[in-house]
Structure formats: C-alpha cells, structure tokens
Amino acid sequence: MSTNPPSVTTKAFMIGIMAILLLIPVLLVQMVIGDRANRRDAVVNDIAATWGRAQQLAGPVLMIPGQRQVRQSDGSLRSQSYVSYFLPKTLDINAGVEPQVRSRSLYQTVVYSTPLTLSGRFDLDELARHLADDPGLMPQKAELLMGISDMKGVQSSLALTLDGKPQTLEPGMRSDFLGSGVAASVNLNRSGTLPFSVTVSLRGSARLSFVPVGETTKVHVASSWPSPSFDGAFLPSERQVSGKGFSADWQVLHFNRDYPQFFEQGLYHSEGSEFGVSFLVTADSYQQAMRISKYAILVIALTFMTFFFVEALLKSRVHPLQYLLIGLALGIFYILLLAFSEHTGFGVAYLVASVATIGLIGSYSLAVLKSRKLALLVMGILTLLYGYIYVILQLEDLALLMGAIGLFAVLALVMYLTRNLDWYGLDGKA
C-alpha cells in the first residue's frame, strides 16, 4: 500500500515547524552553558575568598570628630556627635602588580600581589580655616584613615610615616566614605603642611582600583599582565601595552569628581569615582558559546532550506525524520563546542565541533541524496555558514551589522534563485 507524498507547500510548513521545535534543545544547551558559567563564577569567587578579593584603595584622609548642640522639638538642647573629612592636597600612588593564573578543576582566574607606595601631603593651613568656621570640631582627636576593601589581602604590616616620623596603623576602621581599612591617631596642632607616606603589600584578584581623594591624584601601575582592561570613572592619561606587560598613568583633579576637599560625614560618598585596571582571562568560552548559540535558528533554517530546494527541484525525497536527524546533528554542535572549549580553548573547540558536524551531515547527505555533488554542496554551504558566524564573533562592535547584512544577502539570494520557480507547478507534480 503506497501513499502520495505531501505537497511542497505542506512539506515546507512541516519543515518550518520542525526548525522552530529544534530550538528547544538549543535552549536546553543555553541552560547548560549558563550552569557551567555559574559554576565557573563560584570557583573564581572561592579562589578570591581564600587569596584576596578585588582590592580598592581609598585614602589616606583625615577624619576629625566634633560635637554640636541640637535643639529638640521641646526646646531643649542635645549634644550630637559628627565627623568631618579633610582630603590631601596631593596623592601619588605607585603599584607594581605581579599577576598569577590560578586554576581549579577546569576553571582559571587571575590573582595578584602588589607592593604599593602612597605619598603626598595635607595642607594644614587650609584645614585651619575650616576649623575656624566650625568650632565644634576637635582636631586633637583627629585620625588618619586608609581605606582597603579586603583586609584579608594585606600581606605585611602597613608602614605609615607622618612628617618623617613612623606612626602605628591599627585595623578596624569603619567609615561611610572609605569603607573598611586602618586608622592612626594624628596630631594636628601645627601649621604648614603634613607630608605622609604609606607602604603596603596587598594580595587581590581580578581588579585593582583607586579612589582619587587628592586634590591632585597621580597613579602609576606597572605589571607583566599582557591584556589589561582599564575601567572605572577615569581612563589612563598615558598607557603602554605589549605582550610583555603594561604600564599606565592616571592624573585626576578634584574638579573631576563629585566631592570637595572638606565635608561632613554623610554628605558625600566615593562610589562612582574609582578607577583602575582589571586582570581578566581574555577568552571567555562560555560567553562566546552563548553568543553563537543565538545563531542556531539561522544555521538550522539555511540547512533545511538547502535540503528543501534540493528535494523540490531535483525530485529527491527527504523524509521528515531525516530532517529531524539533521537538525539534531546541528544541535549537537553546540554541546561539542562547549565540551571541547573547556579543555582546548574556544578557537580549537570551534574548529573541532564544526568539522565534526559538517562531516557527519555531509556523509549523511551522501547516503540520503545519492549524489556526491549534492553532498559536497551541503558541506560547502555549512562550511561557509560556520566560517561566517565565527568571523561575526570576532567583530564584537560590528556583529549586529554583519549579521544583518548576512541575513539580507541570504534572503536576496534565495529570492533571486527562486524568482521564476512555479510553486503551483511543484505542488501539482508532488
């Protein structure tokens, strides 16, 4: 007993529905990519927790406590404590960063050790004018504060020198402006300038950043890491990057930020003014795999379209189950890509997965279509398609433009090749 094959229109509709349904396994692959990326992030955070997290330095600044009388609603007076911050006139920071790549299982992250030197001066004559305007301040109880975001990363004792004399820094400082860090008592019963110098050796991971508390803040960072990412509120005024490392210099003025040199606690915050450098592993295979999976509908549609036109124009017969097997082979590409990229890197994984997928579909096409030329045509189209998508991935800023141009070109080509095709005639012949 034989049955007539479905019409071309019916077959096209069935293939379209099947292509859409094949996006379900692609979505499952994207979930796997997300799970692996989350696992990677958890491992990276665990390494950072034991070595030292991203470090942010802020300070040093002077904190001056005060007392004022505040009138209550019932007319009585109540003593209220407050503090004010006074920032340095100049601040120079020098950091030499020694990066290391730490691995755990399949995952990598960048950690670093860095000796830092901070030097500058406070203008005590300017501070005296502020003290004269606010008699409630108590300069005899002033403290010098130094903000360090992750105290666990401090490798050695912090050495503080004030006016040429060593001072003792103690941990446990808490400030709404600086966060966590260290503090030292300071005598402000003098005029002129108060020079300071701080040396510290820190461990951290992924990023090193600074808060520009100086009226003029200069920062110099040098490292052997070849692929830095400069980020934050300010980019370097000068930088040199090569395969042997980088050096970068920043200069930030107090006009460039959103807080003054002297202010009362709670009025201003340092968030948003920090800047620095990130030490990242450049090849994020999970992000690239996720990006390429978004082109799955394009790959499936063009492959199915190739088989459909071969079937319609050359009277070959491809069963819907054979379309399904071809679609599943296209979906397996993303699993292969993800699995190999965790071991070989994205470029090699892409080559292996694409060659394996093209070879599998090409050999299957030879058996189904019974034509070496048609099988080579299918393999050639897939090769061009995977090659074009890989190029799009490398052009991050132009990816959308190149993708749109590619889709338009494919549609224009299909319309041109089928412009004289008698679709009703094909339905009648089916």
Heavy-atom closest contact (A353 atom, L337 atom, distance): CB-N, 3.8 Å
Reference residue Y295; test side-chain contact (heavy atoms from CB on, under 4.5 Å); the match among I389, I300, L385: I389
Polar side-chain atom of D125 near backbone of G192 as donor-acceptor pair, under 3.5 Å: yes
Pair Q56-S149, side-chain hydrogen bond (donor to acceptor under 3.5 Å, both in side chains): steps then yes or no: CA-CA 5 Å; Q56 178 174 294; S149 60; over 6 Å; no
Inter-residue atom distance L382.CG - S365.OG, 0.5 Å rounding: 7.5 Å
Between S237 and Q251: side-chain donor-acceptor atoms closer than 3.5 Å: no
Q55 side-chain N/O to D150 backbone N/O, donor-acceptor pair under 3.5 Å: yes
Any donor-acceptor pair under 3.5 Å from T216 side chain to L253 backbone: no
Pairs where residues 197-209 contributes a residue and the test salt bridge (charged side-chain N to carboxylate O under 4.0 Å, His left out) is met, not counting sequence neighbours: R207-D231
Donor-acceptor under 3.5 Å (S205 side chain, G52 main chain): yes
Gap separating the CD atom of E274 from the CG atom of L208, nearest 0.5 angstrom: 12.0 Å
N/O donor-acceptor pair under 3.5 Å between R36 side chain and A339 backbone: no
Approximate separation, where rounding is to 0.5 Å, of T306 OG1 and L374 CG: 10.5 Å
Electrostatic pair E264-R68, nearest N-O below 4.0 angstrom: yes
Distance, nearest 0.5 Å, that separates CG of L202 from NZ of K152: 13.5 Å
Donor-acceptor under 3.5 Å (Y334 side chain, I33 main chain): no
Results of ring-ring contact (aromatic ring centres under 6.0 Å, His included) for F307 - residues two or more places apart only: none
Aromatic ring pairing Y112/F279, orientation class (parallel under 30°, perpendicular over 60°, tilted between): tilted
Sidechain-backbone polar pair: D46 side chain, A42 backbone, donor-acceptor under 3.5 Å: no
Over 12 foreign heavy atoms within 6.0 Å of CG, D249: yes
Over 12 non-hydrogen atoms of neighbours within 6.0 angstrom of CZ in F340: no
With a cut-off of 3.5 Å and sequence neighbours excluded, list every side-chain donor-acceptor pair involving residues 128-148.
from: D134; atom 1: OD1; to: Y82; atom 2: OH; distance (Å): 2.9
from: D134; atom 1: OD1; to: G136; atom 2: N; distance (Å): 3.2
from: D134; atom 1: OD2; to: Y82; atom 2: OH; distance (Å): 3.0

Over 12 non-hydrogen atoms of neighbours within 6.0 angstrom of CD in Q100: yes
Result of checking L351, I358, V352 against V355 for side-chain contact (heavy atoms from CB on, under 4.5 Å): L351
Pair S175, Y85: side-chain N/O donor-acceptor within cut-off below 3.5 Å: yes
Shortest non-hydrogen contact from V110 toward W225: CG2-CH2, 3.4 Å
Reported CZ-to-CG distance for the pair F210 and L118, which is rounded to 0.5 angstrom: 8.0 Å
Any donor-acceptor N or O pair under 3.5 Å, side chains S273, Y259: yes
